[in-house]
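To start, the structure itself, in C-alpha cells.
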Amino acid sequence: MNAEARPVVRLAGNSVGALAAMKGVFVRDMKVAFRQRQDLLNPLLFFVMVVTLFPLGVSPEVSFLREAGAGILWVAALLSVLLSLDHLFRHDFDDGTLEQLVLQPQPLFLLILAKTLVHWMLTGLPLVILTPVLGVMMHLDGNSIGILCLTLLIGTPVLSLIGAIGAALTLGLRSAGVLLSLLIIPLYIPVLIFGTGTVAAAAEGATVGAYLALLGAFLVLALTLAPFAAAAALKISLSNG
C-alpha cells in the first residue's frame, strides 16, 4: 500500500495529551488494518484450518478429541497470534510512520500499548469468538468451552503484549519471522500450560480459580512491563537500522 493511501499520524505538539495520542494511534491503526483485509483474515483462516485438519491427520475419535481439544485450540490460537506479529510494526517501519511515533513528545510505551490493543482486537478477540464453534467440533462440553473461551480471553492479550517485544526486537532483520518465533515461543509456554490446565481441571470437576488467578497475574505483569520493554526494543532497532 502506498504511503499516500495510509492515514497519517498527527500527534505533534505538547498540547496533545497521552490519552488523546493513544486514541489517535488506535483509530489510525484500525483504519489501516481494515484497508489490508488479507492481513486480518490470514490468522483466522490459519486457526480454523489447523483445528479442522488436526482430527483428519491424527484421530477423529470422540474420546481423543474431547481430551485433546482444549490443547489443540490453544496451540492453534498461539500460532495464529504468532503468525500475525510480524505485521505489528512492519508496515509503519516501511513507510516511516514508526519514526514519527518515536519522535512524539507523548510516552512511546503508551503508543505501543495502543497498537498492541489494536492487534489483540483484530487477532486475539476474533479467535475467542470463533472458539465456541470449533469447540463443538472438538466435542467439548458446554462448561469446557466456556472455560476455554475465558482462558483465551485472558491469555491472548498476554500473547500480543509479549509478542510486541519480539516484533520490536526483530524489526528490520532478515528472516525476522524465524527469529521472532525462537524468541517468543519459550515465553508463551507458561500461558499455554495454564490455559490448557484450566480447561483440564474444569473437565475433572476441580476448581479453576487458582488457574484463572495465575492467568490474570500474567496479564497484569504483561500490561505493566511489556510496553516499556517493547518501547526500549523499538528504539534499539531503529537506532541500529
Side-chain angles (χ1 to χ4, degrees), residues 1-40 42-43 81-125 156-184 187 219-241:
M1 181 175 291
N2 295 330
E4 293 99 0
R6 295 167 65 85
V8 180
V9 178
R10 297 186 178 90
L11 304 177
N14 294 312
S15 60
V16 178
L19 291 179
M22 290 181 67
K23 180 182 178 182
V25 172
F26 180 86
V27 172
R28 181 254 177 198
D29 279 15
M30 285 292 245
K31 291 180 179 178
V32 170
F34 280 102
R35 293 181 183 182
Q36 298 171 333
R37 293 182 179 87
Q38 70 278 7
D39 291 342
L40 297 179
N42 287 341
V81 172
L82 188 63
L83 181 68
S84 64
L85 283 175
D86 189 53
H87 302 294
L88 183 56
F89 301 116
R90 178 72 56 188
H91 296 307
D92 290 344
F93 176 74
D94 291 338
D95 65 11
T97 302
L98 206 54
E99 285 82 355
Q100 296 182 40
L101 290 179
V102 173
L103 295 174
Q104 297 302 318
Q106 293 80 16
L108 179 60
F109 74 91
L110 291 178
L111 304 183
I112 290 177
L113 183 60
K115 293 180 71 65
T116 307
L117 177 60
V118 172
H119 176 268
W120 175 76
M121 290 188 66
L122 297 178
T123 304
L125 187 58
T156 48
V158 181
L159 302 183
S160 294
L161 288 163
I162 295 175
I165 303 173
L169 282 172
T170 58
L171 189 65
L173 299 179
R174 293 182 179 179
S175 303
V178 177
L179 183 58
L180 178 62
S181 301
L182 294 175
L183 287 173
I184 295 302
L187 300 177
L219 178 57
V220 172
L221 190 64
L223 278 171
T224 304
L225 300 179
F228 292 98
L234 201 59
K235 290 179 180 179
I236 292 173
S237 296
L238 291 176
S239 63
N240 292 335

For residues [X] and [Y], report the shortest heavy-atom separation together with the two atoms involved.
| X | Y | value |
| --- | --- | --- |
| Glu99 | Asp92 | OE1-O, 4.5 Å |
| Ala233 | Leu169 | CB-CD2, 3.5 Å |
| Val158 | Leu219 | CG2-CA, 3.5 Å |
| Thr116 | Ala164 | OG1-CB, 3.8 Å |
| Phe26 | Ala114 | CD1-O, 4.1 Å |
| Ala33 | Leu40 | O-CD1, 3.5 Å |

Are any side-chain N or O atoms of Ser237 and backbone N or O atoms of Ala168, one a donor and one an acceptor, separated by less than 3.5 Å?
-> yes
Could you check Leu161 against Trp120 for side chain to side chain contact (heavy atoms under 4.5 Å, CB included), going step by step and ending with a plain yes or no?
-> CA-CA 9 Å; Leu161 288 163; Trp120 175 76; over 6 Å; no
State the [atom1]-[atom2] distance between [X] and [Y], to the nearest 0.5 angstrom.
| X | Y | atom1 | atom2 | result |
| --- | --- | --- | --- | --- |
| Leu179 | Asp86 | CG | CG | 11.0 Å |
| Leu85 | Thr123 | CG | OG1 | 8.0 Å |
| Leu101 | Lys115 | CG | NZ | 6.0 Å |
| Ile165 | Leu180 | CD1 | CG | 11.0 Å |
| Thr97 | Arg28 | OG1 | CZ | 4.5 Å |
| Met30 | Leu117 | CE | CG | 8.0 Å |

With Ile184, which of Ile162, Val81, Leu159 fulfils side-chain contact (heavy atoms from CB on, under 4.5 Å)?
-> Ile162
Take Leu98 and Leu171, measure what side chain to side chain contact (heavy atoms under 4.5 Å, CB included) needs, and give me the verdict at the end.
-> CA-CA 11 Å; Leu98 206 54; Leu171 189 65; 3.3 Å; yes
Leu19, CG atom: more than 12 neighbouring heavy atoms under 6.0 Å = no
Where do Leu108 and Lys235 land on the side chain to side chain contact (heavy atoms under 4.5 Å, CB included) test, with the steps shown first?
-> CA-CA 9 Å; Leu108 179 60; Lys235 290 179 180 179; 3.7 Å; yes
